[in-house]
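As structure tokens, the structure follows; a few thoughts come after it.
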Protein chains: 2
Amino acid sequence: MTRQRQLILDIINSSYSHLTAEGVYTEARKTMPKISLGTVYRNLGLLAQNGEIRRIVLENQPDRFDRCFPGHDHIVCPDCGAVRDIPPELSMARTIERKLKMKPDSYELTVKIVCDECKDKK
Amino acid sequence: MTRQRQLILDIINSSYSHLTAEGVYTEARKTMPKISLGTVYRNLGLLAQNGEIRRIVLENQPDRFDRCFPGHDHIVCPDCGAVRDIPPELSMARTIERKLKMKPDSYELTVKIVCDECKDKK
DNA sequence: ACTATTTTCAGTAATCATTATCAATTTATG
DNA sequence: CATAAATTGATAATGATTACTGAAAATAGT
């Protein structure tokens, strides 16, 4: 665990927005100005692989990274791309296990709902 | 509806694999050798926007395109990236509506399960 | 059917997110 | 502390996708 990796992990764990790699890079440079973008990408990838953070893959957007708290899903606005959490109480994890009759390694559920801001603009 | 767009739609609708844009391009050239890759991308995007086909966004892979039959979800192998359909009977659509107390514009559920071939290799 | 207007095309260049490379440095280990 | 293994910063390269272009085709109006 290097200083860089720890910093990146801290940034994700203390953020409530769903940061892109670029966003993490911007944050990281505030405390470690010489950190490189490659290092950010590499560590985000490693942390996601070890299940310490979560990668969210979206249409037409760079990947987002999120804290890894148990089974919460996401709502994304198809217009502006904003991402919101669905609270864990409403998690689909149990339903998926029950229907498939097995526990998946993991899953990603992205519900698309136009957000209020975008609704107003129309 | 141009000949090119119709061809692309036909290819998706008659395929049971989950083709990438490149895959559609390869298929399309068999009947229309001069079709360009840009045309394939443009039309896949348009068709997906109109809800005539479905775009599947996956980690570390080019997007896949699928026939648009009602509410079926996907299982993807995190090792080899193979995609399989979950039959519509097991669709999560109703559960999502019930839990969120609203009908989303759409949703994507990707369940990650290591496929048998990859399991054997270990 | 004929022409004008709009859309779409093929071909190619450009963009953007992400990975790979590599010598230098840091971290873990005996 | 010494040595091996892993990671870093900097930058080049890659791969998927989009943007641009003048030409061709589709559509609409008369």
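Keep in mind that this is a model prediction, so the values were computed, not measured. All chains are named by letter (A, B, ...) in the order of the sequence lines, taking the proteins before the strands, and each is independently numbered beginning at 1.
- The distance between atom CG of A:N50 and atom C1' of D:dT7, rounded to the nearest whole Å, is 15 Å.
- Put simply, CG on A:L7 is 14 Å from C1' on D:dT8, counting in whole angstrom units.
- Within the 3.5 Å criterion, the main-chain N or O of A:S17 finds a donor-acceptor partner in the side chain of A:S15.
- Distance, A:E59 CD to C:dA17 P: 16 Å, rounded to whole Å.
- DNA chain D is contacted by both B:R3 and B:T20; B:T20 maps to the nucleotide lying nearer its 5′ end (nearest heavy atom per residue).
- Place A:T2 and B:R42 on DNA chain C by their nearest nucleotides, and B:R42 ends up nearer the 5' end.
- Distances were taken from every side-chain heavy atom of A:Y41 (C-beta onward) to each of C:dG11, D:dT8, C:dT19; the shortest belongs to C:dT19.
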Open item on the list: With side chain to side chain donor-acceptor pair (under 3.5 Å) as the criterion, how do A:D85 and A:Y16 come out once you've worked through the C-alpha distance, each side chain's angles and the decisive distance to 0.1 Å?
Closed with: CA-CA 9 Å; A:D85 289 324; A:Y16 285 76; over 6 Å; no

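- Remark on DNA chain D: of its neighbouring residues B:A21 and A:S36, the 5'-side contact belongs to A:S36, judged by nearest-heavy-atom nucleotide.
- Every side chain to side chain contact (heavy atoms under 4.5 Å, CB included) that A:T39 has, sequence neighbours left out, goes to A:Q4, A:I35, A:S36, A:R42, A:N43.
- If you measure from atom CD1 of A:I35 to atom P of D:dT11, you get 16 Å, rounded to the nearest angstrom.
- Going from atom CD of B:E22 over to atom P of D:dT18 covers 14 Å, rounded to whole Å.
- Of the candidate nucleotides D:dT17, C:dA17, D:dT8, D:dT17 has the atom lying nearest to any side-chain atom of B:P62.
- The aromatic rings of B:H72 and B:F69 sit parallel to each other, their planes meeting at less than 30°, with 60° as the upper class boundary.
- The side chain of A:K34 lies closest to D:dA10 when the candidates are D:dA16, D:dT8, D:dA10.
- Among D:dA26, D:dT8, C:dG11, the nucleotide with an atom closest to any side-chain atom of A:Q4 is D:dT8.
- Candidate nucleotides C:dT27, D:dG9, C:dT19 were compared by shortest atom distance to the side chain of B:N60, and C:dT19 ranks first.
- Between A:D63 atom CG and D:dA16 atom P the separation is 15 Å, expressed in whole Å.
- Using a 4.0 Å heavy-atom cutoff across all strands shown, B:R5 reaches sugar-phosphate atoms only and no base atom.
- For A:L44 and C:dA17, the CG to P distance is 15 Å, given to the nearest whole Å.
- Between the side chain of A:S91 and the backbone N or O of A:P87, no donor-acceptor pair lies under 3.5 Å.
- Here the C1' atom of nucleotide C:dA17 and the CD atom of B:Q61 are 16 Å apart, to the nearest Å.
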